[in-house]
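A short write-up of the structure that comes next.
Just so we're clear, the structure is a prediction, and the values are computed from it rather than from any experiment. Numbering of residues begins at 1 and proceeds along the displayed sequence. Both counts, for ligands and for their atoms, begin at 1 and track the order of listing. The basis for the numbers below is simple: all heavy atoms, side chains too, and nothing from hydrogens, waters or symmetry mates.
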Amino acid sequence: MEGLGWDRVAVDNRFLIERVRGLQVLDSRGNPTVKAYVYTRGGSTGWAIAPSGASKGGREAVELRDGGRRWAGKGVKLAVARLNELVGPRLVGVDSRLQSYVDTLLREIDGTSTKSRLGGNVTTAVSIANARAAAMELGVELFQYLGGPQARLLPIPILNVINGGVHAGNELDFQEFLIVPHGAPNFEEALRWSVEIYHTLKKSLKEKYGSFSINVGDEGGFAPPMKSAEEALQALTEAIESAGFKLGEEVALGIDAAASQFYREGVYIVGGRRLSREDLLSYYERLRGDYPIVYFEDPFHEDDVEGFASAVEAFREKAIIVGDDFLVTNRALVEERGGKAATGLLVKVNQAGTLTEALDAVTAARDRGMAVVVSHRSGDSEDPFIADLSVAVEALMIKTGAPARSERTSKYNRLLEIESLLGPSAAYSGFRLKRLVKHF
Ligand code: PGA
Ligand code: ZN
């Protein structure tokens, strides 16, 4: 690459990348994924594991998978080989602190607009492993390395406790029903409230629907045999209240419809009915009239800009409209659609493919006054990286599943650790929601 030769300006050799290595490991769904290691000369080993989605946006970075019969076609041996052979040699000698330079090299080695040569699974894992290596070498916490010394705001955990859509084998069309414990005084309490609600819900689902209903979906939420969003929202309402919390004021609700999944040729198929964009909006409005839903993610198909804009208009000061598949952590899309057609950005680093590109999308979202929500994927791992990222970017919320299954709790546990590391300087983002949502 032509340029200033950032790789040669290091004054401290211990930050230089000595070696980069990849390994095929498993994600939480039992599918192969890429683990990357970045070794510094100073002796630090940064690592990261790429997550993997099930309801992907059409424009996200693509994963490189082997195909064929082994590993049910999902092997990543080729991806790992490209990591070892193409990425490794190019990064050796580069200063690991130069994150954006490392990410630019990754993009350059890949050379495609969708990351299809190296695979977004390779670029994501290497990019994050590099950040972790640099932080370790510096001897600072990852959230501080990425966010600076003032990073001290813990996000509101929004917990997906009832699963539907492609994440579950039931008849719920919407993919996720979330609880939003914004009224808690700190992160630990927010998590306690959520856990108490989760267990209350578990008991009541078992009583009402039988023991099959407490089997969990991909993100640890229950997947009861419910048929409608009303049924799910009602169950959450009852669980919140019987656990002793004030609905709305203390714990509000959220929905990730993942609407691209139930969109067929111009219509939305919900509960067996064919809904137009306008019908679907009216349905959301009815639900919002009955329940304190402060968060709607992907309420319309990923290219239904008009639908999104109508939701922004309809729910001003009532709910944030968050783009996941709609924005795919992509700066250009945030610039084009943010603000008018979405008031929140879901951040998934592997949609962008590198940390730098994901942070660019965050900056664009901030410039438009949008809420930032850092997210896991439905196929995830023990890597708690997004916990650190959420604190670093002062995310309003983090979405990382139910408080169950280790790939989900690893993020919550890391946030508990961060809150405890920060001690009295830690702050909780709950109060920030009230700036965006005035009616609960
Ligand atoms: P995923 O979806 O299955 O693509 O990770 C999660 C989401 O829609 O938020
Ligand atoms: Zn989503």
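- For a distance bound of 2.8 Å, the N, O or S atoms of Asp256 include one lying that close to the Zn ion (ligand 2).
- Relative to the ring axis of Phe326, Arg337 places its NZ or CZ within 45° and under 6.0 Å from the centre.
- At least one N, O or S atom of Asp324, from either the backbone or the side chain, sits less than 2.8 Å from the Zn ion (ligand 2).
- Taking the charged nitrogens against the carboxylate oxygens, Arg152 and Glu394 have no contact shorter than 4.0 Å, which rules out a salt bridge.
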Starting from the N and O atoms of ligand 1, find every protein N or O within less than 3.5 Å and list the pair with its distance.
{"residue": "ligand 1", "atom": "2 (O)", "partner": "Ser55", "partner atom": "OG", "Å": "3.2"}
{"residue": "ligand 1", "atom": "3 (O)", "partner": "Ala54", "partner atom": "N", "Å": "2.6"}
{"residue": "ligand 1", "atom": "3 (O)", "partner": "Ser55", "partner atom": "N", "Å": "3.0"}
{"residue": "ligand 1", "atom": "3 (O)", "partner": "His167", "partner atom": "NE2", "Å": "2.8"}
{"residue": "ligand 1", "atom": "3 (O)", "partner": "Ser378", "partner atom": "OG", "Å": "2.5"}
{"residue": "ligand 1", "atom": "4 (O)", "partner": "Ala54", "partner atom": "N", "Å": "3.3"}
{"residue": "ligand 1", "atom": "4 (O)", "partner": "Ser55", "partner atom": "N", "Å": "3.2"}
{"residue": "ligand 1", "atom": "4 (O)", "partner": "Ser55", "partner atom": "O", "Å": "3.0"}
{"residue": "ligand 1", "atom": "4 (O)", "partner": "Arg377", "partner atom": "NH2", "Å": "2.6"}
{"residue": "ligand 1", "atom": "5 (O)", "partner": "Arg377", "partner atom": "NE", "Å": "3.0"}
{"residue": "ligand 1", "atom": "5 (O)", "partner": "Ser378", "partner atom": "N", "Å": "2.8"}
{"residue": "ligand 1", "atom": "5 (O)", "partner": "Ser378", "partner atom": "OG", "Å": "3.4"}
{"residue": "ligand 1", "atom": "8 (O)", "partner": "Ser55", "partner atom": "OG", "Å": "3.4"}
{"residue": "ligand 1", "atom": "8 (O)", "partner": "Gln175", "partner atom": "NE2", "Å": "2.8"}
{"residue": "ligand 1", "atom": "8 (O)", "partner": "Asp256", "partner atom": "OD2", "Å": "3.1"}
{"residue": "ligand 1", "atom": "8 (O)", "partner": "Asp324", "partner atom": "OD2", "Å": "3.0"}
{"residue": "ligand 1", "atom": "9 (O)", "partner": "Asp256", "partner atom": "OD2", "Å": "3.1"}
{"residue": "ligand 1", "atom": "9 (O)", "partner": "Glu297", "partner atom": "OE2", "Å": "3.2"}
{"residue": "ligand 1", "atom": "9 (O)", "partner": "Asp324", "partner atom": "OD2", "Å": "3.1"}
{"residue": "ligand 1", "atom": "9 (O)", "partner": "Lys348", "partner atom": "NZ", "Å": "3.2"}
{"residue": "ligand 1", "atom": "9 (O)", "partner": "Lys399", "partner atom": "NZ", "Å": "2.6"}

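- Aromatic ring centroids of Tyr283 and Tyr268 lie 6.0 Å or more apart.
- A donor-acceptor distance shorter than 3.5 angstrom exists from the side chain of Asp380 to the backbone of Arg377, with no hydrogens or angles considered.
- Side-chain rings of Phe174 and Phe262 approach one another, their centers coming within less than 6.0 Å.
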Is there a side chain to side chain donor-acceptor pair (under 3.5 Å) between Glu219 and Asn160 once you walk through the steps?
-> CA-CA 7 Å; Glu219 299 183 349; Asn160 172 14; 2.7 Å; yes
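- Between the side chain of Arg132 and the backbone N or O of Trp47 there is at least one donor-acceptor pair closer than 3.5 Å.
- Inclusion of Glu297 in the first shell of the Zn ion (ligand 2) is supported: an N, O or S atom falls under 2.8 Å.
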